[in-house]
Amino acid sequence: MIETLFGNLAIFILSLLVGVEVISKIPSTLHTPMMSAANAIHGVVIAGAIVIASVANSPAAYVLTFIAAVLAAANVFGGYFVTDRMLRMFTRPHATPQDATEKVES
Amino acid sequence: MIETLFGNLAIFILSLLVGVEVISKIPSTLHTPMMSAANAIHGVVIAGAIVIASVANSPAAYVLTFIAAVLAAANVFGGYFVTDRMLRMFTRPHATPQDATEKVES
Amino acid sequence: MSIFEFLVGISYLGAATLFVVGLHKMRAPSTARQGNLISAGGMAIAVLTTIVFALVDFGGNWIGWAALVVGTAVGATYGIVRARSVEMTDIPQLVSIFNAVGGGAAAAVAFADFVANLSRPSVELTVSIPIVLDVLLGSITFSGSLIAAGKLQGVISGKPLTFPGSRALNVIVAVIALGAGVLLLIVPPNLLLLVVVLGASLIFGVLMVLPIGGADAPVIVSLLNALTGLAVAMAGFAIDSQALIIAGALVGAAGTILTLQMAKAMNRSVGAIILGGFGTGDSETSAGSESVDLTNVRELTADDVAIQLAYAKHVLIAPGYGLAAAQAQHEVAELAKLLTDHGIDVKYAIHPVAGRMPGHMNVLLAEANVPYDQMLQLDEANAAFANCDVALVVGANDVCNPDARKPGNAVSGMPILDVDRAKSVVVIKRSMRSGYAGISNPLFTDPKTGMFFADAKKGLADITIAVKEYVTA
Amino acid sequence: MSIFEFLVGISYLGAATLFVVGLHKMRAPSTARQGNLISAGGMAIAVLTTIVFALVDFGGNWIGWAALVVGTAVGATYGIVRARSVEMTDIPQLVSIFNAVGGGAAAAVAFADFVANLSRPSVELTVSIPIVLDVLLGSITFSGSLIAAGKLQGVISGKPLTFPGSRALNVIVAVIALGAGVLLLIVPPNLLLLVVVLGASLIFGVLMVLPIGGADAPVIVSLLNALTGLAVAMAGFAIDSQALIIAGALVGAAGTILTLQMAKAMNRSVGAIILGGFGTGDSETSAGSESVDLTNVRELTADDVAIQLAYAKHVLIAPGYGLAAAQAQHEVAELAKLLTDHGIDVKYAIHPVAGRMPGHMNVLLAEANVPYDQMLQLDEANAAFANCDVALVVGANDVCNPDARKPGNAVSGMPILDVDRAKSVVVIKRSMRSGYAGISNPLFTDPKTGMFFADAKKGLADITIAVKEYVTA
Ligand SMILES: NC(=O)c1ccc[n+]([C@@H]2O[C@H](COP(=O)([O-])OP(=O)(O)OC[C@H]3O[C@@H](n4cnc5c(N)ncnc54)[C@H](OP(=O)(O)O)[C@@H]3O)[C@@H](O)[C@H]2O)c1
Ligand SMILES: NC(=O)c1ccc[n+]([C@@H]2O[C@H](COP(=O)([O-])OP(=O)(O)OC[C@H]3O[C@@H](n4cnc5c(N)ncnc54)[C@H](OP(=O)(O)O)[C@@H]3O)[C@@H](O)[C@H]2O)c1
């Protein structure tokens with residue numbers, strides 16, 4: 001029991017650290033897609049819906065499962081699709097540092 | 001048992017991710033102090049020396065404890081001191097982006 | 001924990017790693033899309049693993065699975081349709097709606113887990129605490145995000161809605177939610193109490209967002225995004241699923257950082273935003289400032305602007321919220337292309353918080369197929385204004401308000417585009433009304449500035465027509 | 001796991017968080033020092049927690065603790081004395097030595113844990129695997145790092161030392177180490193086998209580093225740094241200590257990234273470096289290239305250089321390995337100060353891999369109290385060379401070799417300082433000999449380049465004296 005709790009807490013804290021580090025250097029250009037991408041990731045709650053579906057054994061539980069499934073699915077599918085749609089627009093590669101310098105020099 | 005193993009594995013993998021993320025944006029200016037700082041951190045092995053000291057009950061174990069303690073202590077103390085000495089030299093604040101632009105404009 | 005559960009855990013770690021790699025690749029536009037796909041791959045792994053795990057460890061009955069499948073189909077359809085059809089200018093609303101559903105789902109999961117435990121005499125704190133926190137956070141983000149979306153969409157007034165005693169009510173509701181929550185931890189499982197927590201949290205979410213100005217909504221959306229992440233993580237603790245814990249924590253941290261960055265770029269404190277204040281949506285605010293005297297304002301016609309542009313060598317376009325409001329991204333791109341073909345060097349000067357969400361302008365221009373390397377970010381742009389002949393400001397205001405360099409006003413200290421350092425300036429907006437910060441802008445009365453009063457979409461179209469004459473002539 | 005052990009784990013997580021925050025703050029010179037102190041705080045927490053934990057859970061006897069205390073005292077003294085006294089130019093060696101001791105300590109810990117388990121009929125794989133890996137990695141880093149330090153210090157020849165069949169021997173030793181290791185996992189605890197693993201790994205470490213050129217040593221040091229981290233993490237698995245696992249993994253990942261960045265900046269593959277190749281230490285390599293014809297080389301005297309400098313407006317100094325080798329950082333700073341006082345704009349152009357470890361030049365100049373914002377990094381510097389009157393190259397060679405822009409040579413594709421874009425160039429080095437990459441440098445025969453053949457320290461001193469005359473005159 002407590003073993004599991006510790007494992008989960010450790011995972012939680014380290015994941016927070018990863019989250020902070022991975023984001024803290026994203027250029028503002030990509031903030032909107034990034035926000036949307038993170039948004040899609042919390043659609044992982046659909047895994048939770050799956051678990052409760054597998055243990056559901058009462059009308060109440062079925063209803064809750066259904067609700068959870070609808071909401072989570074909307075989150076995960078919508079999230080990834082809209083992010084991809086946005087990013088498909090950023091077709092051209094990032095200006096290389098060199099270009100940057102040229103720009104400034106010119 | 002396996003609970004612990006999983007917890008430790010999860011911790012290991014997530015720590016690797018944190019390590020990658022936290023480093024990947026350090027300016028080359030600070031690579032040497034950074035290397036030295038990371039170097040100091042693995043001096044945490046001294047915690048291992050403490051544990052084996054507390055379970056040591058044979059001459060062999062005492063000797064190994066002594067060796068581990070000498071080496072680990074050199075690592076942790078030397079590492080932090082030399083890093084601090086290096087960083088104390090970087091007295092002046094980082095040039096702000098603005099200065100940077102001015103520099104380039106000039 | 002069985003060997004099987006161990007393996008499940010490992011593949012969750014794999015999925016988590018893909019999420020991180022995906023977010024990591026979001027650092028550069030060239031790899032961002034790939035990053036999102038990688039993250040989606042992680043999601044697939046997490047889902048499949050969970051299905052196998054659930055089937056093996058619990059099995060469940062067909063009704064439950066049917067509910068899941070049907071529900072997923074419905075949700076997926078809705079999500080995909082909205083994602084496909086949404087206008088790029090409405091992205092903030094959609095993100096907010098996806099926050100709402102995410103939070104709602106998290107709450108539902110915890111609620112269901114609690115129902116499953118009802119039969120038992122008592123629930124360990126290691127389960128009940130996350131359940132309560134999850135229902136709290138999940139419900140708040142659910143109702144709060146819907147209100148925020150409403151404000152952004154305009155169906156709910158962008159004005160901060162407050163009524164006498166609203167603050168007090170706020171506190172009361174919060175106390176009820178927390179009180180019921182704490183009680184739940186000590187008494188034996190009690191459905192009614194959880195319903196109270198749920199209801200109170202829903203109301204709290206509404207009351208929290210209503211007083212916030214429409215223009216501040218994006219910051220709140222980002223904040224709620226973080227909260228949803230935490231709610232999901234709590235759900236993970238409740239049902240002991242590492243996938244939810246890791247992903248939830250990732251998003252929680254990421255969302256928090258992003259929120260702080262947004263607030264910083266707008267130089268406001270998150271606290272100030274939540275407590276409401278200025279930024280009460282757009283022009284409404286400053287209905288008063290209509291009475292600006294136009295004496296020292298130099299007004300231009302589409303033709304005047306066209307001439308200036310046609311005979312310039314370097315042009316920088318500074319777009320702002322007005323461009324988004326008018327959906328004029330295609331018009332501006334067309335004008336830029338026309339000038340470029342005519343041999344004029346045209347670039348865009350993009351302020352990080354121009355528009356109503358960070359990077360808003362980049363997304364809009366990208367939609368209009370503006371190549372990424374024509375969009376100069378703040379520093380690059382400010383280095384370039386010096387030898388820019390015409391700075392064309394389209395529906396931007398605060399982000400190029402020189403007063404930001406002076407202390408003691410709403411935008412003091414906010415990094416701005418140094419538009420006023422260009423050789424000449426043209427501003428396209430509908431009136432002298434102020435922007436989001438609700439303050440006047442000396443740039444508009446600067447002698448080297450000409451104002452072209454028009455809706456961005458229409459105005460740009462007119463200019464394009466006018467320019468065509470000069471460049472063909 | 002008891003409540004107590006749970007709390008221990010939590011405070012380890014706290015320590016880990018401080019390590020991460022500390023490394024994070026290393027991103028900016030202004031916060032770097034604070035970061036190191038924070039990391040040290042994490043270390044203190046980890047150590048204290050472990051002491052409490054060990055006392056409560058095991059107790060142990062006074063001899064063990066005595067061995068620990070005395071050992072720590074000895075080690076700490078050595079470490080602090082070395083840290084205080086080391087020359088800044090010798091940092092790479094010292095870091096390498098600290099790698100060695102770290103790896104050695106990790107191996108010793110695993111070894112002791114194994115000894116403690118000897119009595120038992122068998123050891124679970126979850127313990128024996130990390131023990132074996134730890135002894136392997138720990139021993140390799142121990143002996144390997146000592147050799148690397150020796151090469152950097154010059155006590156061991158920088159030349160790649162190989163002898164007929166050395167590769168073969170390498171393989172054999174590796175096979176022995178691994179074979180014994182695998183055997184350990186299946187047979188009952190057997191000390192002899194572990195000794196074999198230890199011995200073979202030590203030899204392997206030596207054989208691995210001997211064939212590597214002295215100038216490549218820094219890359220290897222960084223790589224060994226990562227390995228040490230992993231060894232420590234393995235020790236953590238063996239004795240089930242989260243502190244070791246987290247910190248070890250952090251360093252392992254960080255070290256790996258840094259190694260790749262270094263290799264990239266030198267545009268070499270880590271593989272190529274480990275297999276030896278060019279980069280066989282410094283001037284030795286190119287004894288042959290003495291026979292360069294000096295016909296189209298314009299040679300200068302200290303006076304010529306002084307005049308050029310005294311009448312320049314913008315001067316950029318590009319330091320390289322030679323500056324470090326000659327320990328001329330103070331002389332160059334003095335010259336720069338003299339010129340600055342005389343109203344000349346002097347800045348330093350710093351290449352990421354100038355010298356023999358990344359950021360080497362920044363550390364040296366910082367030691368000579370050069371303000372941080374006078375050190376331009378690659379991009380900034382290259383933007384500034386255009387309107388720079390005199391580029392003063394001090395003991396640098398490869399990092400400003402224009403051939404890098406051409407394909408098909410040892411430095412092709414390596415980003416370089418565009419020294420050749422300056423209006424005029426002065427190079428201070430002792431001869432026409434090549435640098436680390438062992439190739440000739442067209443910059444030295446460029447018509448606008450003047451060569452001042454001298455040891456950097458002496459040469460700069462002479463120039464300073466000469467300049468004094470002109471500026472006072
Ligand atoms: N980006 C973010 O994340 C974010 C989030 C929340 C708040 N904000 C804040 O929003 C502001 C952004 O600055 P900004 O300069 O982009 O926008 P702004 O300061 O809000 O000014 C927008 C201007 O566009 C004009 N406008 C509105 N509709 C128009 C139309 N259809 N055609 C032409 N012009 C139109 C308005 O003037 P008229 O009414 O006279 O036309 C208004 O003055 C900053 O204060 C920022 O702090 C940003
Ligand atoms: N920074 C790193 O992490 C790292 C690590 C490993 C390798 N490297 C490699 O090292 C090289 C660094 O380039 P670099 O231009 O800094 O150095 P370099 O290319 O090695 O050239 C150094 C030059 O300094 C001269 N020199 C040596 N001792 C001197 C003294 N006492 N006084 C004056 N001049 C002296 C030498 O010429 P004379 O003999 O004629 O005086 C030599 O040509 C790159 O190729 C890089 O890839 C870098």
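Computed over heavy atoms, backbone and side chain alike; hydrogens, waters and symmetry mates excluded. To find a chain, count down the sequence lines: A is the first, B the second, and so on, and within it residues start at 1.
- Most heavy-atom pairs under 4.5 Å with chain B: of the set D/Gly42, D/Pro92, D/Ala32, this distinction falls to D/Ala32.
- Applying the side-chain contact (heavy atoms from CB on, under 4.5 Å) criterion to B/Phe81, with sequence neighbours excluded, gives B/Phe77, D/Ile80, D/Ala83, D/Arg84.
- With chain B as the partner, the residue from D/Gly79, D/Ala249, D/Gly248 showing the most heavy-atom pairs under 4.5 Å is D/Ala249.
- Looking at B/Met35 and D/Leu258, their side chains come closer than 4.5 Å, going by heavy atoms from C-beta outward.
- Using a 4.5 Å heavy-atom threshold, the side chains of B/Ile41 and D/Ser39 count as touching.
- Not a single donor-acceptor pair under 3.5 Å links the side chain of D/Tyr78 to the backbone N or O of B/Val70.
- The side-chain hydrogen bond (donor to acceptor under 3.5 Å, both in side chains) contacts involving residues 45-55 of chain D comprise D/Ser11-D/Thr49, D/Tyr12-D/Thr50, where partners must be two or more places apart or lie in separate chains.
- Residues D/Thr72 and B/Phe66 are not in side-chain contact: their nearest non-hydrogen atoms beyond the backbone lie 4.5 Å or more apart.
- Most heavy-atom pairs under 4.5 Å with chain B, from the set D/Ile63, D/Ile257, D/Asp240: that is D/Ile63.
- Interface remark: of the candidates B/Leu14, B/Val45, B/Leu71, B/Leu71 forms the most heavy-atom pairs closer than 4.5 Å to chain D.
- No other option in B/Ala68, B/Ser54, B/Ala49 has as many heavy-atom pairs under 4.5 Å with chain D as B/Ser54.
- Screening D/Asp113, D/Leu244, D/Ile239 for a side chain to side chain contact (heavy atoms under 4.5 Å, CB included) involving B/Val51 leaves a single residue, D/Ile239.
- Two residues are said to be in side-chain contact when any heavy atoms from C-beta on lie closer than 4.5 Å; B/Val22 and D/Met26 fail this criterion.
- Options B/Ile13, B/Ile11, B/Ile50 differ in how many heavy-atom pairs under 4.5 Å they form with chain D, and the most are formed by B/Ile50.
- Counting only heavy atoms from C-beta outward, the side chains of B/Ser36 and D/Phe98 never approach each other to under 4.5 Å.
- In terms of modelled atom types and a separation under 3.5 Å, the side chain of D/Asn36 and the main chain of B/Thr83 share no donor-acceptor contact.
- Taking the side chain as every heavy atom from C-beta outward, B/Arg85 and D/Val86 approach each other to under 4.5 Å.
- For the atom pair OG1 of D/Thr256 and CG of B/Leu16, the computed distance is 8.0 Å after rounding to the nearest 0.5 Å.
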Going through the checks in order, is the side-chain hydrogen bond (donor to acceptor under 3.5 Å, both in side chains) test met by D/Asn61 and B/Asn57? CA-CA 7 Å; D/Asn61 63 41; B/Asn57 53 12; over 6 Å; no

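- If you take CD on D/Glu367 and CE on B/Met86, they are separated by 11.0 Å, rounding to the nearest 0.5 Å.
- One side chain, B/His42 or D/Asn99, offers a donor N or O that lies under 3.5 Å from an acceptor on the other.
- With chain B as the partner, the residue from D/Asn225, D/Val74, D/Leu365 showing the most heavy-atom pairs under 4.5 Å is D/Asn225.
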